[in-house]
Amino acid sequence: MTTTTRFAPSPTGFLHIGGARTALFNWLYARHTGGRFLLRIEDTDRKRSTPEATQAILEGLEWLEIDWDDEPVYQFSRMDRHAAVAQELLAAGHAYHCYCSPEELAEMRDAARQDGRTALYDGRWRDRDPGEAPEGVAPVVRLKAPQTGETVLDDKVQGAVTVANDQLDDMVLLRADGTPTYMLSVVVDDHDMDITHVIRGDDHLTNAFRQTQIYKALDWTPPEFAHIPLIHGQDGAKMSKRHGALGVDAYSDAGILPEAMRNYLLRLGWSHGDDEIISTSQATEWFDFGGIGKSPARFDMAKLESVNSHYLKEADDERLYELIASDLATHKNAPLTKEDQTRVVAGVEGLKPRAKTLLELATAAAIYVRPRPLSFDPKAEGLLDEEARHRLGEIAERLSKLGEWQVDILEKSIKAYAEDVGVKLGKVAQPLRAALTGTTVSPGIFDVMAVFGKEETIARLGDVAA
RNA sequence: GACCCCAUCGUCUAGUCAGGUCUAGGACGUCACCCUUUCAAGGUGAAAACACGGGUUCGAAUCCCGUUGGGGUCGCCA
């Protein structure tokens with residue numbers, strides 16, 4: 001049987017970091033085994049599900065370059081099937097109608113808390129004569145779960161986990177309005193979709209026991225489960241939409257590359273010896289449950305940025321230009337020209353080691369798109385004193401006589417000038433940088449000159465020369 | 001509270017399953033130095049951890065028990 005995994009988000013918000021990692025692990029495992037990776041949108045909560053959220057999740061996955069097989073399954077559309085399964089259970093005597101009122105349930109819950117019990121529902125309709133049903137009350141359908149013995153889960157990550165059945169009450173399968181609950185829907189859908197491995201956050205661990213009971217009642221074979229530890233925020237608590245988790249779009253906006261995000265997320269809870277930088281193809285080859293750790297990890301932006309800076313250095317120049325183009329236009333405060341593009345693409349190599357994110361890259365690259373006459377930041381302005389302006393004039397003079405405009409030749413020429421006037425190179429290079437870029441920070445100044453070319457360089461020097 | 005899970009540098013982790021090679025390795029971050037036309041990058045080095053207590057054993061980060069700490073779950077949400 002081919003391996004089939006799935007990612008099953010509920011569309012009640014963006015794709016957050018934890019969901020993204022769950023998706024990644026499922027995807028990696030499917031690709032590792034040559035199996036299939038499916039998507040299921042769990043939109044049965046009509047009040048909280050929105051098409052916008054579905055869209056955001058899909059876009060998040062696309063951004064991460066996590067592709068899924070087949071069309072996404074929308075759980076709500078399978079409601080009739082879920083209800084039919086509940087009827088089967090009813091007919092087989094594995095489920096029953098329960099007519100408890102919300103008040104009764106609340107009382108039971110209070111009583112359970114008081115007694116220190118986990119199971120809430122006391123099973124009062126379990127064996128009761130349906131003839132005793134109150135008038136006009138629509139019943140829910142509950143699973144007739146085993147009351148003794150234990151349910152064992154052989155989890156691929158957590159190992160064997162056992163829970164006494166008396167800790168689990170008879171869960172609701174069908175609501176009073178006839179709609180299926182999550183617990184039923186997941187089981188039916190995972191079964192119908194031939195899911196072989198369920199990889200999800202370990203906040204679902206206890207659900208797995210309940211689901212196992214449903215599988216058993218249905219006489220279906222449960223899938224393998226792998227409950228991965230959660231990602232925690234800096235405070236050590238579960239990250240959720242309500243608690244510190246950002247959508248993947250926030251990381252995209254922050255200038256993180258998708259491949260960096262994948263690499264970082266992969267290392268959060270999974271390891272392969274001391275390997276840190278792991279390409280996706282390598283990850284696909286290596287990924288397995290054995291590498292998944294059992295303890296929760298904290299999200300660390302600094303490490304993400306470090307990984308990101310690595311991938312930034314590897315990234316293609318043209319692609320980088322495309323990614324920062326709109327920010328660049330903002331920095332320039334005007335549309336980008338073909339010349340801007342040429343300069344940025346030529347200059348980006350020297351910019352890469354100076355940026356951890358695309359945002360920083362765009363800021364650094366702005367020197368190549370801001371047009372003359374330049375406005376100078378205060379530090380740059382300070383560098384351009386009378387003496388400096390005079391020297392820049394002399395330098396422009398020398399440069400204009402240069403036949404070839406190449407980094408090594410420029411370097412030789414400027415160094416010769418510094419020597420001729422008897423100053424250290426820095427005394428010349430910094431004003432040069434100021435005049436050319438309007439700032440005090442840039443890649444090597446000879447590289448900058450090469451990117452601008454002879455004409456532009458001399459023009460810029462002319463702008464400030466005295 | 002009940003149930004379940006977890007526990008190695010500040011953080012991510014290797015090592016744990018098959019005890020000795022671990023005076024515990026790597027990465028991020030931090031600090032110092034080198035390089036240097038600025039800022040980075042890069043190079044070299046440093047500080048930094050087996051939660052605690054009992055066992056078992058010739059020997060325990062590794063196995064067992066307990067304690068403590070952290071987390072998760074307890075819905076007619078998913």
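Reminder, nothing fancy here: chain letters follow the sequence lines and each chain counts from 1.
Separation of the C1' atoms belonging to B:A7 and B:U67 is 13 Å when rounded to the nearest angstrom. The C1' atoms of B:C76 and B:A27 are separated by 48 Å, rounded to the nearest whole Å. Going from the C1' atom of B:U68 to that of B:U30 covers 30 Å, rounded to whole Å. Across the C1' atoms, B:A48 and B:G25 are found 14 Å apart, a figure rounded to whole Å. Taking atom P on both B:A51 and B:A46, the two are 25 Å apart, rounded to the nearest angstrom. Between B:C64 and B:U16, the two C1' atoms lie 14 Å apart (nearest whole Å). Of the C1' atoms belonging to B:U38 and B:G26, the separation is 33 Å, rounded to the nearest Å. Using P as the reference atom, B:C50 and B:G10 are 9 Å apart when rounded to the nearest Å.
Going from atom CG of A:L24 over to atom CG of A:L61 covers 10.0 Å, rounded to the nearest 0.5 Å. The line from CZ of A:F446 to NZ of A:K415 is 6.0 Å long, rounded to the nearest 0.5 Å. Note that CD of A:Q211 is 10.0 Å distant from CG of A:L184, once rounded to the nearest 0.5 Å. To the nearest 0.5 angstrom, A:I367 atom CD1 is 9.0 Å from A:R433 atom CZ. Here the CD atom belonging to A:E411 is positioned 9.0 Å from the CG atom belonging to A:D447, to the nearest 0.5 angstrom.
Distance A:L184 CG to B:A78 P: 11 Å, rounded to the nearest Å. The OH atom of A:Y264 sits 11 Å away from the C1' atom of B:U13 (whole-angstrom rounding). Rounded to whole angstrom, the span from the OH atom of A:Y182 across to the C1' atom of B:A78 amounts to 6 Å. Per the geometry, CZ belonging to A:F7 stands 16 Å off P belonging to B:A78, to the nearest Å. In this structure, A:K356 places its NZ atom 12 Å from C1' of B:C39, rounding to the nearest Å. For the pair A:H310 NE2 and B:C28 P, the computed distance is 11 Å after rounding to whole Å. Distance, A:Y121 OH to B:C74 C1': 17 Å, rounded to whole Å. Between the P atom of B:C12 and the CD1 atom of A:I292 lies a distance of 17 Å, rounded to the nearest Å.
The base of B:A78 is paired with the side chain of A:N207 by a donor and an acceptor separated by under 3.5 Å. Residue-to-nucleotide contacts include a donor-acceptor pair under 3.5 Å from the side chain of A:R433 to the base of B:U37.
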Taking N or O atoms only and anything under 3.5 Å, show me the protein contacts with nucleotides 19-22 of chain B, one pair per line.
none

Under 3.5 Å between N/O atoms: give me all the protein pairs with nucleotides 44-53 of chain B, atom names plus distance.
none

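The partner of B:C3, taking Watson-Crick or G-U wobble pairs whose two distances both stay under 3.5 Å, is B:G72. Under the Watson-Crick or G-U wobble criterion, with both distances below 3.5 Å, B:U11 is paired with B:A27. Within the shown strands, nothing qualifies as a pairing partner of B:A60 under the Watson-Crick or G-U definition with both distances less than 3.5 Å. Base-pair partner of B:U37: not found among the strands shown (Watson-Crick or G-U wobble, both distances under 3.5 Å). Base pairing analysis places B:U16 opposite nothing; no Watson-Crick or G-U wobble pair with both distances below 3.5 Å involves it. Across all strands shown, the partner of B:G66 is B:C52, judged by Watson-Crick or G-U wobble contacts whose two distances both fall under 3.5 Å.
Residue A:K313 has a polar side-chain atom (N or O) positioned under 4.0 Å from OP1 or OP2 of B:G42. Look at A:T44 and you'll find a side-chain N or O under 4.0 angstrom from OP1 or OP2 of B:A78. For the pair A:R267 and B:U13, the criterion of a side-chain N or O lying under 4.0 Å from OP1 or OP2 is not met.
As judged by a 4.0 angstrom heavy-atom cut-off over every strand, A:L268 is placed among residues touching the sugar-phosphate backbone only. Within the nucleic acid shown, A:A176 comes within 4.0 Å of at least one base atom, counting heavy atoms only. A:H204 comes within 4.0 angstrom of a nucleotide base, judged by non-hydrogen atoms across all strands. Using a 4.0 Å heavy-atom criterion, one finds that A:I277 contacts no nucleic acid atom at all. Residue contacts shown for A:G269 are limited to sugar-phosphate atoms, with no base heavy atom under 4.0 Å away. Within 4.0 Å of A:C100, counting heavy atoms only, lies at least one base atom of the nucleic acid. Backbone-only contact: A:G426 has heavy atoms under 4.0 Å from sugar-phosphate atoms and none from a base. The residue A:D177 sits apart from the nucleic acid: no heavy atom pair falls under 4.0 Å. Residue-level contact check: A:P229 touches neither bases nor backbone, having no heavy atom under 4.0 Å from any strand. Residue contacts shown for A:E276 include a base, since a base heavy atom lies under 4.0 Å away.
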List the protein contact pattern of nucleotides 1-9 of chain B with one symbol per nucleotide (5' to 3'): B for base contact, S for sugar-phosphate-only contact, - for none; contact means a heavy-atom distance under 4.0 Å. BBSSSSS--

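No salt bridge links A:D192 with A:R40; every basic N to acidic carboxylate O contact stays at or beyond 4.0 Å. Between A:E419 and A:K427, none of the side-chain N atoms (NZ, or NE/NH1/NH2) sits under 4.0 Å from a carboxylate O, so this pair counts as no salt bridge.
Of the possible polar contacts, none joining the A:N165 side chain to the A:Q147 backbone as a donor-acceptor pair under 3.5 Å is found. Counting only distance, with no hydrogens or angles, the side chain of A:T5 and the backbone of A:N26 share a donor-acceptor pair below 3.5 Å. At least one donor-acceptor pair under 3.5 Å links the side chain of A:R389 to the backbone N or O of A:L384.
Nearest to the side chain of A:D274, among B:A78, B:U13, B:G25, sits B:G25.
Heavy-atom distances under 4.0 Å link RNA chain B to A:D300, A:A302, A:K303, A:S306 of residues 299-307 of chain A, given in residue order.
A side-chain N or O of A:Y417 and one of A:E394 form a donor-acceptor pair less than 3.5 Å apart. No side-chain donor-acceptor contact under 3.5 Å links A:Q213 and A:R210. Counted by atom type alone, A:H82 and A:D189 present one or more donor-acceptor pairs between their side chains at under 3.5 Å.
Here A:E456 pairs with A:R343, A:R460 under the salt bridge (charged side-chain N to carboxylate O under 4.0 Å, His left out) rule; sequence neighbours left out.
For the pair A:R21 and A:F25, the cation-pi criterion (under 6.0 Å, within 45° of the ring axis) is fulfilled.
Among residues at least two apart or in separate chains, salt bridge (charged side-chain N to carboxylate O under 4.0 Å, His left out) pairs with a member in residues 301-317 of chain A are A:E276-A:K303, A:D317-A:K352.
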Step-by-step ring-ring contact (aromatic ring centres under 6.0 Å, His included) determination, A:F225 to A:F209: CA-CA 11 Å; A:F225 288 103; A:F209 292 101; 9.1 Å; no

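What you find for A:Q87 and A:L174 is that their closest heavy atoms are NE2-CD2, 3.9 Å.
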